[in-house]
Amino acid sequence: MPVQAVCTVAEAVRLNEFAYSFTLEAPALAAAISGPGQFVHIKCGHSRLLRRPISICDWDGETLRIVFEVRGEGTAWLARRSAGDRLDVLGPLGQGFRMARGEKLLLVGGGIGVPPMLGCAKYAGGSASAVLGFRAADRAMLLEAFEENCKAVSLCSDDGTLGVKGFVDALVCEWLEKEKDFTSVLACGPRPMLRAVARAAARYGVPCQVSMEERMACGVGACLGCAIQMADGTIKHVCKDGPVFAAEEVDWND
Ligand SMILES: Cc1cc2nc3c(=O)[nH]c(=O)nc-3n(C[C@H](O)[C@H](O)[C@H](O)COP(=O)(O)OP(=O)(O)OC[C@H]3O[C@@H](n4cnc5c(N)ncnc54)[C@H](O)[C@@H]3O)c2cc1C
Ligand code: FES
């Protein structure tokens with residue numbers, strides 16, 4: 001059940017030139033999280049601005065952590081907050097990844113889709129491997145945390161300044177070729193990346209779940225702002241029915 005709470009920023013850290021990590025004191029919200037992949041809807045600034053959806057990166061009994069990059073007015077306002085400031089937060093929202101502790105998972109994150117995969121890695125308890133892709137080395141984040149919480153981590157970047165030069169789907173194919181017993185591929189990132197990862201998983205017959213990013217308004221299924229086309233011709237709300245869907249449910253051609 002979502003909770004609306006005024007949360008204090010316990011820690012605000014800059015991870016690189018572009019990304020910020022906030023730890024929020026949010027016991028009621030943290031207690032309501034059902035698993036990795038859910039998100040919170042944060043009021044960013046004055047009332048004219050809508051809330052902004054940000055994935056839950058990690059949580060414990062008292063706090064939850066978000067990691068975000070500045071894209072526009074809302075996230076720029078958020079980035080100017082510091083420890084001790086208070087935020088109006090609604091959450092946890094949406095349906096997260098369906099996974100069990102101890103499963104042999106391949107986690108795939110691209111860019112700002114990387115943070116929620118850390119929650120998956122921690123929830124899996126060290127049994128997952130991760131493929132992480134960034135535009136360039138200066139965008140990399142959370143690498144130590146993934147090393148600590150995964151069996152193995154493979155890195156790539158668009159320009160070759162970090163790990164292998166290229167996109168995550170090539171590394172996903174390498175992993176699925178090498179090890180045949182992954183139970184699922186879980187992915188978060190830009191839509192073209194998700195489409196490519198979904199195709200790679202399908203080629204190897206491994207179930208795949210994807211966390212979709214759509215613009216959102218209400219965040220709770222009341223406005224159609226985040227509707228996406230599904231493969232069976234129906235429309236679903238990313239905020240309420242997702243953001244995580246089975247890859248084969250999504251109409252990748254829309
Ligand atoms: C379920 C979900 C989880 C998310 N998790 C994170 C996260 O963990 N960290 C993070 O940094 N960002 C995350 N995002 C994206 C984040 O919500 C947007 O970057 C933010 O809303 C932009 O708000 P703004 O006011 O700064 O920019 P705006 O001025 O609203 O937009 C700036 C630019 O970003 C584009 N944009 C805005 N929202 C989205 C969106 N949802 N998808 C694609 N493009 C968008 C706009 O078209 C525009 O070009 C998530 C989005 C969703 C839907
Ligand atoms: S954002 Fe309003 S229905 Fe999803």
Side-chain angles (χ1 to χ4, degrees), residues 2 12-24 29 33-59 64-81 87-97 107-121 132 134-135 139-142 145 186-195 209-230 234-245 250 254:
V13 178
R14 200 157 179 177
L15 299 181
N16 59 36
E17 192 186 333
F18 312 95
Y20 299 78
S21 167
F22 282 11
T23 303
L24 308 180
L29 269 85
I33 294 170
S34 59
Q38 291 186 291
F39 67 95
V40 288
H41 218 19
I42 303 179
K43 197 167 172 188
C44 292
H46 47 83
S47 56
R48 190 173 63 79
L49 275 177
L50 292 171
R51 291 174 181 274
R52 295 292 184 257
I54 303 289
S55 300
I56 297 165
C57 166
D58 192 10
W59 73 98
L64 62 84
R65 183 185 186 187
I66 55 168
V67 171
F68 62 95
E69 285 185 357
V70 173
R71 288 290 147 81
E73 202 181 342
T75 44
W77 180 89
L78 198 56
R80 291 193 298 272
R81 301 310 99 194
L87 294 174
D88 180 335
V89 185
L90 175 67
L93 297 175
Q95 313 300 323
F97 291 101
L107 310 177
V108 189
I112 203 59
V114 165
M117 305 323 291
L118 180 60
C120 295
L132 309 177
F134 299 95
R135 258 193 252 168
R139 297 256 174 187
M141 63 178 98
L142 304 172
L186 312 183
C188 185
R191 188 182 171 95
M193 180 204 106
L194 295 180
R195 188 197 294 121
Q209 295 172 46
V210 291
S211 182
M212 306 295 291
E213 256 208 19
E214 284 296 324
R215 295 223 63 172
M216 282 184 190
C218 72
V220 293
C223 75
L224 278 180
C226 63
I228 58 162
Q229 187 74 40
M230 306 310 284
T234 59
I235 299 282
K236 286 202 172 165
H237 294 101
V238 170
C239 66
K240 185 168 67 96
D241 305 313
V244 178
F245 296 94
V250 176
D254 72 342

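Any value given below was found using the heavy atoms of this structure, including those in side chains, with hydrogens, waters and symmetry copies removed. Note that ligands are numbered from 1 as they come in the structure, with each ligand's atoms numbered from 1 the same way.
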May I ask you to list the atoms of ligand 2 that are less than 4.0 angstrom from any heavy atom of Gly221?
3 (S)

So, the side chain of Arg14 versus the backbone of Glu17: is there a donor-acceptor pair under 3.5 Å, distance only?
yes

If the cut-off is 2.8 Å, does any N/O/S atom of Cys218 fall short of it from atom 4 (Fe) of ligand 2?
no

Any side-chain to backbone donor/acceptor pair from His41 onto Ala217? Under 3.5 Å, distance only.
yes

Does the side-chain contact (heavy atoms from CB on, under 4.5 Å) test come out yes or no for Val40 and Ile56, once each step is laid out?
CA-CA 7 Å; Val40 288; Ile56 297 165; 4.0 Å; yes

Describe, in one word, how the ring planes of Phe22 and Phe68 are oriented to each other, choosing from parallel (under 30°), tilted (30 to 60°) and perpendicular (over 60°).
perpendicular

Tell me whether Arg51 contacts the main-chain N or O of Ile42 through its side chain, where contact means a donor paired with an acceptor under 3.5 Å.
no

Identify, by atom number and element, the atoms of ligand 2 in contact range of His237, meaning under 4.0 Å from any of its heavy atoms.
3 (S)

Cation-pi, Phe18 ring and Arg139 (6.0 angstrom, 45 degrees):
yes

Heavy-atom proximity to atom 24 (P) of ligand 1, picking from Arg52, Glu69, Glu213, points to Arg52

What verdict does the side-chain contact (heavy atoms from CB on, under 4.5 Å) test give for Arg65 and Leu118, after you've listed the backbone C-alpha separation in whole Å, the side-chain angles of each residue and the deciding distance to 0.1 Å?
CA-CA 11 Å; Arg65 183 185 186 187; Leu118 180 60; 4.1 Å; yes

Output, in order, the C-alpha distance, side-chain angles, deciding distance and verdict of side-chain contact (heavy atoms from CB on, under 4.5 Å) for Glu69 and Thr75.
CA-CA 7 Å; Glu69 285 185 357; Thr75 44; over 6 Å; no

Polar atom proximity, Pro243 to ligand 1 (N or O, under 3.5 Å)
no

Using a 4.5 Å cut-off on heavy atoms from C-beta on, say whether the side chain of Gln95 contacts that of Phe245.
no

Find all atoms of ligand 1 within a distance of less than 4.0 Å from any non-hydrogen atom belonging to Met216, and give their numbers and elements.
1 (C), 53 (C)

Where's the contact between Val67 and ligand 1, heavy-atom distance under 4.0 Å: side chain, backbone, both or neither?
backbone

Applying a heavy-atom cut-off of 4.0 Å, say which part of Pro53 lies close to ligand 1: side chain, backbone, both or neither.
both

Taking 4.0 angstrom as the limit and counting only heavy atoms of Thr75, give me the atoms of ligand 1 inside it, by number and element.
24 (P), 25 (O), 26 (O)

Of all the atoms in ligand 2, which lie at a distance below 4.0 Å from a heavy atom belonging to Cys239?
1 (S), 3 (S), 4 (Fe)

Considering only heavy atoms, which of Gly94, Ala222, Gly219 lies nearest to atom 1 (S) of ligand 2?
Gly219

Any idea which part of Val220 is under 4.0 Å from ligand 2, heavy-atom wise: side chain, backbone, both or neither?
neither

Do Asn16 side-chain atoms and Met141 backbone N/O form a donor-acceptor pair below 3.5 Å?
no

Under 3.5 Å between any N/O of Gly74 and any N/O of ligand 1: does that happen in this structure?
yes

Proximal candidate to atom 39 (C) of ligand 1 [heavy atom criterion; set Arg191, Arg71, Arg215]
Arg215

Mind checking whether Glu214 contacts ligand 1 via backbone (N, CA, C, O), side chain (CB onward), both or neither, at a 4.0 Å heavy-atom cut-off?
backbone

Check whether any N, O or S atom of Cys226, backbone or side chain, sits closer than 2.8 Å to atom 2 (Fe) of ligand 2.
no

What atoms of ligand 1 come within less than 4.0 Å of a heavy atom belonging to Phe68?
9 (N), 10 (C), 11 (O)

Checking only N/O/S atoms, does Cys223 have one that is under 2.8 Å from atom 2 (Fe) of ligand 2?
yes

Write down the atom of Ile66, the atom of Ser55, and the distance for their closest heavy-atom approach.
CG2-O, 3.6 Å

